[in-house]
Protein chains: 2
Amino acid sequence: MEPSTNVLDLNLLRRSCSSCALNELCLPAGIGGDDLTRLDGTVKDKRTLERGGVLYRDGDPFKALYVVRSGSLKTFVQNEAGDTQILGFHLPGEIIGFDALASNRHASQAEALERSSICELPYAQLQQVTSEVPALHRQLMRVISREVVEEHRHLVMMGRQQAQEQLAIFLKSLADRYERLQRDGAALTLTMSRYDIANYLGLVVETVSRLFSRMEEMGVLEVNRKAVRILRPDLLADLCRNGHPTGSRRNDAG
Amino acid sequence: MEPSTNVLDLNLLRRSCSSCALNELCLPAGIGGDDLTRLDGTVKDKRTLERGGVLYRDGDPFKALYVVRSGSLKTFVQNEAGDTQILGFHLPGEIIGFDALASNRHASQAEALERSSICELPYAQLQQVTSEVPALHRQLMRVISREVVEEHRHLVMMGRQQAQEQLAIFLKSLADRYERLQRDGAALTLTMSRYDIANYLGLVVETVSRLFSRMEEMGVLEVNRKAVRILRPDLLADLCRNGHPTGSRRNDAG
DNA sequence: CGCGACCTTGAAATGAATCAAGTCCCGTGG
DNA sequence: CCACGGGACTTGATTCATTTCAAGGTCGCG
């Protein structure tokens, strides 16, 4: 995140949905001006979280859906024993909190990875508006569906046998998301820790660390702590398919 | 699946949503009699698929959501190279096809694991009804949300370091789902192949096969081809937490 | 009755986890 | 402003679970 972004945020915070830079990515996509104004009225408040700040916890009553406006968050579940599984990393324009719709309680925790600002969409009001604006209803469904598709990508990534493939796919998909945000997809800022990345992929830290080193040696990346530059997108794309050049056995379900 | 079930299916097929044995699990849960009749009118047809039959393919235009009425299906994605990742196995009462809402095209393939019957909910009509019946709208959202939560379970399972833990969790969750269907949760019928299970968990067949053998040796299971009996649910629950008795290092994200 | 898909089992190879140091960086407090 | 401390990260050596390779067995079906 460039320092300039933080400065701009102050202005962004004062804007409404209709003028939000994210409105193509966020809920309102494809909704007309009049309806947009009504949606804007339901956005309760636009709060900020510091790094490590918790947006909601597992078990919290469901009050709202949340749109990441700037910064980034992680969502994760934890079992009784404290074992954690990270479910996702969330960039601006992404909506989180859907898991609470099922039971009216959140089934995961959301935590800021850096100073982030969030739009809160109180569900009661959202429901009111969606019932009045059918287009918004359809749009909301579409957004949840996107969430489902996104999780499929996570599953595909985790299903890979080679750790290097997994990390390559992770970086590639992060780059893709950057570009959708009009950011430079080659210059990634990994706001999450190496532990987070490892957990997200089902690996241990040491493996992730070694893979970054290896990919740097191969000339694919330039790694500088949290700053990762993709030097050879073509090679990275290759790694997404093959852990190493030689064709490898796949586990194609019968 | 006991043979008796197949006989009963013929009767089930003639029934409507309001009298369906699954209506507690399926979409209509919590909807009143009058509204139920209207929903029933939108169920276009109740088709059957043979083993291996395809309900929808990746890229197919989105026409409907589908409720599994009897039997079982798998959903999966395939990349250009033919690598497969199984996303889920679906039992009666479960609704599939949500991934198509985002782009109006299916983003996965659904295939029957045995002779199965399916309720088709054409989306155009469903939209009509949900706009008239707010309760159904809320219910539909709740069902999609359940799908999201379900996928989180899949991710948690895949994130485990020990293959034995993964398989144990898989069997445990299958047993739980059986019980929700009023079936004997100790007597599982694995309609999917060992290849499918392996792929679902991100393992290779041989590993899964060995794990079944090992769990049988341990006295946890009785394995007889597709029929698996859980002899010691307590031990199975232990295995869900620990690959082996000794406490093991976890990867708890920082 | 034999073929083929599915499954199991064994032996060997290997990639990731584990164990163990050591370094770097950043925030804190002197 | 610098020293200190602790968490995050990296790297090396070793262990070990799972994959890979190979072969044989079983079952259902033509």
Side-chain angles (χ1 to χ4, degrees), chain A residues 50-52 74 83 113-115 158-168 189-217 221-228 239 242-254, chain B residues 50-52 74 83 113-115 158-168 189-217 221-228 239 242-254:
Chain A
E50 295 303 314
R51 180 170 194 281
K74 64 175 172 183
D83 301 338
L113 293 167
E114 61 187 315
R115 173 185 272 264
M158 279 192 124
R160 309 272 71 180
Q161 314 270 22
Q162 300 292 323
Q164 188 172 251
E165 257 178 81
Q166 296 184 58
L167 187 60
T189 305
L190 304 179
T191 57
M192 68 297 289
S193 71
R194 299 284 195 266
Y195 286 86
D196 284 341
I197 297 172
N199 182 291
Y200 180 70
L201 297 174
L203 305 168
V204 295
V205 211
E206 295 95 322
T207 304
V208 169
S209 185
R210 275 185 252 271
L211 287 172
F212 273 119
S213 304
R214 196 199 298 177
M215 284 173 148
E216 192 164 27
E217 276 166 32
L221 306 176
E222 180 182 277
V223 182
N224 211 311
R225 222 166 156 65
K226 303 223 160 275
V228 170
L239 294 182
N242 300 307
H244 34 223
T246 62
S248 63
R249 177 193 186 188
R250 285 278 156 264
N251 183 9
D252 300 333
Chain B
E50 296 303 316
R51 180 171 195 283
K74 64 175 171 183
D83 301 338
L113 292 167
E114 61 188 314
R115 173 184 274 261
M158 278 192 127
R160 310 271 72 178
Q161 314 270 24
Q162 301 291 325
Q164 189 172 250
E165 259 178 80
Q166 297 184 56
L167 187 61
T189 305
L190 304 179
T191 56
M192 69 294 293
S193 71
R194 299 284 195 266
Y195 286 85
D196 284 340
I197 297 173
N199 182 291
Y200 181 69
L201 297 174
L203 305 168
V204 295
V205 213
E206 294 95 323
T207 304
V208 170
S209 184
R210 275 185 252 272
L211 287 172
F212 273 119
S213 303
R214 196 201 300 177
M215 284 173 147
E216 192 164 27
E217 276 166 31
L221 305 175
E222 181 182 278
V223 183
N224 212 309
R225 220 165 161 64
K226 302 222 159 278
V228 170
L239 294 183
N242 302 308
H244 36 220
T246 63
S248 62
R249 176 192 185 189
R250 284 281 157 263
N251 183 10
D252 298 334

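The chains referred to below are lettered A, B, ... by the order of the sequence lines, with proteins before strands, and numbering in each begins at 1.
- Two residues are said to be in side-chain contact when any heavy atoms from C-beta on lie closer than 4.5 Å; B:Q161 and A:V204 meet this criterion.
- Applying the side-chain hydrogen bond (donor to acceptor under 3.5 Å, both in side chains) test to A:E50 and every residue at least two apart in sequence or in another chain returns A:R115.
- Distance, A:L167 CG to C:dG15 P: 17 Å, rounded to whole Å.
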Show each protein N/O and nucleotides 8-13 of chain C N/O combination with a separation under 3.5 Å, one pair to a line.
{"residue": "C:dT8", "atom": "OP1", "partner": "B:R194", "partner atom": "NH2", "Å": "3.3"}
{"residue": "C:dT8", "atom": "OP2", "partner": "B:R194", "partner atom": "NE", "Å": "3.0"}
{"residue": "C:dT8", "atom": "OP2", "partner": "B:S209", "partner atom": "OG", "Å": "2.9"}
{"residue": "C:dT8", "atom": "O5'", "partner": "B:S209", "partner atom": "OG", "Å": "3.1"}
{"residue": "C:dT9", "atom": "OP2", "partner": "B:S213", "partner atom": "OG", "Å": "2.3"}
{"residue": "C:dG10", "atom": "N7", "partner": "B:R210", "partner atom": "NH1", "Å": "2.9"}
{"residue": "C:dG10", "atom": "O6", "partner": "B:R210", "partner atom": "NH2", "Å": "3.3"}
{"residue": "C:dA11", "atom": "N6", "partner": "B:R210", "partner atom": "NH2", "Å": "3.4"}

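- Between the CD1 atom of A:I197 and the C1' atom of D:dA8 there is a distance of 12 Å, given to the nearest Å.
- Within the 4.5 Å cutoff, the side chain of B:D196 has heavy atoms near those of the B:L113 side chain.
- Under the 4.5 Å side-chain criterion, counting only non-hydrogen atoms from C-beta, B:K74 is not in contact with B:Y200.
- Picking from D:dT19, C:dC7, C:dA17 the nucleotide with the shortest atom distance to the side chain of A:Q161 gives D:dT19.
- Atom-to-atom, CD of A:E217 to P of D:dT11 comes out at 8 Å; the value is rounded to the nearest Å.
- Counting to the nearest Å, the P atom of D:dT19 and the CG atom of B:L211 are 9 Å from each other.
- With a 4.5 Å cut-off on side-chain heavy atoms, B:L167 and B:L239 do not count as touching.
- Remark on the helix from C:dC1-D:dG30 to C:dG30-D:dC1: inter-end axis angle 40°, axes from five-pair C1' superpositions, rounded to 10°.
- In this entry the distance linking CZ of B:R51 with C1' of D:dG28 reads 11 Å, nearest Å.
- B:V223 is not listed as a side-chain neighbour of B:M215, based on a closest heavy-atom distance of 4.5 Å or more.
- Straight-line distance from the CG atom of A:L201 to the C1' atom of C:dG15: 16 Å, rounded to whole Å.
- From B:R194, atom CZ reaches atom CD of B:E206 across 13.0 Å, with rounding to the nearest 0.5 Å.
- As a whole-Å value, the separation of B:N224 CG from C:dC7 C1' is 13 Å.
- Within the 4.0 Å cut-off from OP1 or OP2 of C:dC25, not a single side-chain nitrogen or oxygen of A:K226 is found.
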Would you sort out whether A:R160 and B:D83 count as a side chain to side chain contact (heavy atoms under 4.5 Å, CB included), showing the intermediate values? CA-CA 10 Å; A:R160 309 272 71 180; B:D83 301 338; 3.2 Å; yes
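- B:Q162 has its CD atom 10 Å from the C1' atom of D:dC16, to the nearest Å.
- Note that NZ of A:K226 is 10.0 Å distant from OG1 of A:T189, once rounded to the nearest 0.5 Å.
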